[in-house]
Trainee: 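Structure in structure tokens, see below.
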Protein chains: 4
Amino acid sequence: MPKLNHEAKTKRKKMILDAAFKVFSQLGYNDTTMDHIVTESGISKGGIYTYFTSKEEVFLEIASSRFRKRSELLLQMRQDYMDQTGQTHYELLMRDYLKSILQSLSDPDVLNTAKFSFEFWSIATREPTLNQVAQQRYHNFYQVLAEQLSEGIDAGYFSKNIHLDAVGYIILSTLDGMMHTHAIMGIKIPNHAIDQYVESIMSILLAL
Amino acid sequence: MPKLNHEAKTKRKKMILDAAFKVFSQLGYNDTTMDHIVTESGISKGGIYTYFTSKEEVFLEIASSRFRKRSELLLQMRQDYMDQTGQTHYELLMRDYLKSILQSLSDPDVLNTAKFSFEFWSIATREPTLNQVAQQRYHNFYQVLAEQLSEGIDAGYFSKNIHLDAVGYIILSTLDGMMHTHAIMGIKIPNHAIDQYVESIMSILLAL
Amino acid sequence: MPKLNHEAKTKRKKMILDAAFKVFSQLGYNDTTMDHIVTESGISKGGIYTYFTSKEEVFLEIASSRFRKRSELLLQMRQDYMDQTGQTHYELLMRDYLKSILQSLSDPDVLNTAKFSFEFWSIATREPTLNQVAQQRYHNFYQVLAEQLSEGIDAGYFSKNIHLDAVGYIILSTLDGMMHTHAIMGIKIPNHAIDQYVESIMSILLAL
Amino acid sequence: MPKLNHEAKTKRKKMILDAAFKVFSQLGYNDTTMDHIVTESGISKGGIYTYFTSKEEVFLEIASSRFRKRSELLLQMRQDYMDQTGQTHYELLMRDYLKSILQSLSDPDVLNTAKFSFEFWSIATREPTLNQVAQQRYHNFYQVLAEQLSEGIDAGYFSKNIHLDAVGYIILSTLDGMMHTHAIMGIKIPNHAIDQYVESIMSILLAL
DNA sequence: GATGAATGAGAATTCATTCAT
DNA sequence: AATGAATGAATTCTCATTCAT
């Protein structure tokens, strides 16, 4: 018989995760101590350990919740680009999706998510548990993307000759690269670069 | 009158750096202890401190020596793509340069350098000293790249309408992204992706 | 809401300080390791660091608490040498004060305090933070002493012609010297020396 | 067959001792590293170990050579205070001896010797070998002093009723105390204090 | 369930001493 | 004899995790 109902528990957990996200983003995994999370969350040391078994688990759980966003954004945007007849303008969708991802980097929360994300990969490289999660997230994103592209091909928007796996790989990794340069290296994307980048991706999809 | 001549010292330093590079690449900066470097190098704890003042300095020195490679490769390739009349085939140069960078990731040493490089960025985000070095390296690479592109424009190979800073940013960051996905995320580049990627970059340069 | 109340904390802190005082007195600052304090206090390595931030702070805190004693003794004795009319017999006071300071050196705890005190000065010479504390302690003691002497002059016990600063300096430093010879050099004060010393100081005060 | 003759060896040893004295005085025993001595003396690390077996031995040897000075000064001054008939004015001798000891503290070299001396005692407290040397030095000084006092009594300068051991103890330890306050605590002796101090000692000797 | 004091296994760095050259 | 690079034991301090209250 739990003394705290489910809702209260979830709320407490969220407090911890939000605080941890903040400090992990700012200080990185290694430089973040449990005391940082304690201070930021206002929850006691022992308290954190009733919700999570370790620092790594806190880190992992943040990753799991945050990493859905990119693919969710794509799915959500697809709804917006569907007209009354159920037709989706895939070209416009992709173009705007890529742009909005890169433009959103000026939003501090998105920036922090990007920072966290790369920090996560940095740690995940050496931690099998994390690595698995990270791989899944990549493949999940890949699936969603590939689906849109595939539908875009079927709908006649994209070239039939593109290799889905190659294009998917390019989009995901170059997008990551732009975000990395911006978020981690701290080098801001020049004005024209976003458009130029989007066009170069479109040149592949449209097989210009 | 030093007992070890310059050559012997350099050799010993190299032993330490090579060992450190190996463990840093594998374990990352934080998980690498001086004991790891001691074991791997075969040099005593104190011995390492006669050549370096701290763990960070070892890390930094590796970075400084390894980071020149990418821009050096470009400069070197330019020599190879110059014909007898002193004309350089810039289009071919860029195409082959991008390909060779990405293809070289199958080489374990290059892979480790890539891993080390991202590890370096991860740490450099929080360490002003390292960050400065990292930024310099990026801008140095940018300069070299921009020069080639600029010459390529003048020689009529690339479109006059491209924005050097935008294109430079895209090339550097997307290249990083591909390397990151390959080296850190451990997701190998699909066969066609390299060519496809190169063509998309060329589509920008040629303003197709 | 602290789990340990103030009293319990103070008690634990005292345990550490007592243990540290013991080992510092015996081994000196440099030869005392945190492990010595751990062993002597029975408190874990980390535990000590919850109460003190460094070895130096432990040392300093001991100094701060022990150093008040000499001037406190003088002030307390003054109360005892005051008769019903509020008159203090300053000559007797000074005589007995000097004697009791030197005689107390046979008490092991006083001896250890003396040892600690000189160890403190030895370290304080090179550590600005400690030095400041040490200087303050000297001047505080000087103030208290000068006050008694001044009052003794006004009350007609001591000569009007004495130079307070000179006499104060002599008393403080020669007292220190006797204590040093006894505590550090381990050469016990001969029977008659205490009386002889006290008389020589009185000969100054009384301007014989 | 030594390659270096005795003179050259002695010179080299002196270089080490002078350098070591300088750094020991300034930094104290513990904070002085062999590298400091190496740098200051210009003699190699190994070189020092051909003349001394350890850091402690260097320290000890300095002590042994420097510690004679105080008693030597007294003996030398006695010569100066002897008139043509072989009579020594012991009262004047003692007065001037005490004064010159305290006044000499303004000389940097004497000040350093005093600093070194207290540093030596600080270490000697815990090191039996050093402690023995230190004790010997004290007793040697005591002997010389007692001899002068004894002769002074016989010659009718000093009171027959003084206890040699008590007076000797007082002179040696209070002198040390004044020097300690000046050299270690860094509190300069006030103008009148030296005279006042000397008179108080004389009041004992003359049994005023 | 919550708290926060206590724990102790590391980690980076120092430095007296050694010894091959 | 002299050199100085190499050694490694020792030291201070950190911090994820535990557990008595």
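All of these numbers come straight from a predicted model, not from anything done at the bench. Below, read A as the first sequence line, B as the second, and so on, with proteins coming before strands; counting in each chain starts at 1.
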Trainee: For D31(B), enumerate each residue passing the salt bridge (Lys or Arg N to Asp or Glu O under 4.0 Å) test, keeping only those at least two apart in sequence or located in another chain.
Mentor: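 In terms of salt bridge (Lys or Arg N to Asp or Glu O under 4.0 Å), with neighbours along the sequence ignored, D31(B) is linked to no residue.
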Trainee: Could you pull out all donor-acceptor pairs under 3.5 Å where a side-chain atom in residues 127-135 of chain B meets a protein atom, sequence neighbours excluded?
Mentor:
{"unit_1": "N131(B)", "atom_1": "OD1", "unit_2": "Q135(B)", "atom_2": "NE2", "d": "3.3"}
{"unit_1": "N131(B)", "atom_1": "ND2", "unit_2": "A124(B)", "atom_2": "O", "d": "2.9"}
{"unit_1": "Q135(B)", "atom_1": "NE2", "unit_2": "M185(A)", "atom_2": "O", "d": "2.7"}

Trainee: Rounded to the Å, how far apart are K55(C) NZ and dT11(F) C1'?
Mentor: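 One finds 8 Å between C1' of dT11(F) and NZ of K55(C), rounded.
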Trainee: Between atom CZ in F59(A) and atom C1' in dA16(F), what is the gap in whole Å?
Mentor: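 So the two atoms are 16 Å apart, to the nearest Å.
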Trainee: Which residues satisfy the ring-ring contact (aromatic ring centres under 6.0 Å, His included) test with F118(C), sequence neighbours excluded?
Mentor: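 By the ring-ring contact (aromatic ring centres under 6.0 Å, His included) rule, F118(C) matches H180(C), H180(D).
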Trainee: Within residues 34-50 of chain A, which residues have any heavy atom lying less than 4.0 Å from an atom of DNA chain E?
Mentor: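 Close to the strand are S44(A), K45(A), G46(A), G47(A), T50(A).
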Trainee: Report yes if some heavy atom in the side chain of I48(C) is under 4.5 Å from a heavy atom in the side chain of S41(C); otherwise report no.
Mentor: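 In contact.
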Trainee: With sequence neighbours excluded, tell me which residues meet side-chain contact (heavy atoms from CB on, under 4.5 Å) with K13(B).
Mentor: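 So K13(B) forms a side-chain contact (heavy atoms from CB on, under 4.5 Å) with Y51(B), F52(B), E61(B).
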Trainee: Once ring-ring contact (aromatic ring centres under 6.0 Å, His included) is applied, do any residues pair with Y29(B), and if so which ones, sequence neighbours excluded?
Mentor: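 Partners of Y29(B) under the ring-ring contact (aromatic ring centres under 6.0 Å, His included) test: F24(B), F59(B).
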Trainee: Give me the residues of residues 119-133 of chain D where at least one heavy atom lies under 4.0 Å from an atom of DNA chain F, by number, or none.
Mentor: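 Those residues: none at all.
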Trainee: Regarding S54(B), tell me which of base, sugar-phosphate or nothing describes its non-hydrogen contacts under 4.0 Å with the strands shown.
Mentor: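 Sugar-phosphate only.
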Trainee: Checking Y49(D) now: which residues fulfil ring-ring contact (aromatic ring centres under 6.0 Å, His included) with it, not counting sequence neighbours?
Mentor: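 By the ring-ring contact (aromatic ring centres under 6.0 Å, His included) rule, Y49(D) matches no residue at all.
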Trainee: Figure out the CD/C1' separation between E57(A) and dT17(F), and round it to whole Å.
Mentor: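 Checked: the CD to C1' distance equals 14 Å.
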Trainee: Determine which pairs satisfy salt bridge (charged side-chain N to carboxylate O under 4.0 Å, His left out) with at least one residue from residues 34-44 of chain C, sequence neighbours left out, and list them in order.
Mentor: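 Listed once each, the pairs are K22(C)-E40(C), D35(C)-K45(C).
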Trainee: In dot-bracket form, how is DNA chain F paired, counting a Watson-Crick or G-U wobble pair only if both its distances are under 3.5 Å and using | for bases paired to another strand?
Mentor: .||||||||||||||||||||
Trainee: Phosphate oxygens OP1/OP2 of dA1(F): is one of them under 4.0 Å from a side-chain N or O of Y51(D)?
Mentor: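 Checking Y51(D) against dA1(F): no side-chain N or O falls below 4.0 Å of OP1 or OP2.
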Trainee: What is the minimum heavy-atom distance between L17(D) and V58(D), and which atoms define it?
Mentor: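 Taking every non-hydrogen atom into account, CD2-O, 3.9 Å.
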Trainee: Can you see whether F21(A) has R66(A) sitting over its ring - NZ or CZ less than 6.0 Å from the centre and within 45° of the normal?
Mentor: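 Yes.
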Trainee: Which residues satisfy the side-chain contact (heavy atoms from CB on, under 4.5 Å) test with S54(A), sequence neighbours excluded?
Mentor: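 side-chain contact (heavy atoms from CB on, under 4.5 Å) list for S54(A), sorted by chain: E56(A), E57(A).
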Trainee: For dA2(E), does either OP1 or OP2 sit under 4.0 Å from a side-chain N or O belonging to R12(A)?
Mentor: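 For R12(A), the contact criterion (side-chain N or O under 4.0 Å from OP1 or OP2 of dA2(E)) is met.
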Trainee: Between T39(B) and H36(B), is any side-chain donor less than 3.5 angstrom from a side-chain acceptor?
Mentor: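 Per modelled atom types, T39(B) and H36(B) side chains form no pair under 3.5 Å.
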Trainee: Let's see if you get this right: which residues in residues 13-33 of chain D place a heavy atom under 4.0 Å from DNA chain F?
Mentor: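 Those residues whose heavy atoms fall under 4.0 Å from DNA chain F, taken from residues 13-33 of chain D, amount to none.
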Trainee: Are the side chains of I123(C) and N30(C) in touch, meaning some heavy atoms are under 4.5 Å apart?
Mentor: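 Touching, per the 4.5 Å side-chain cut-off.
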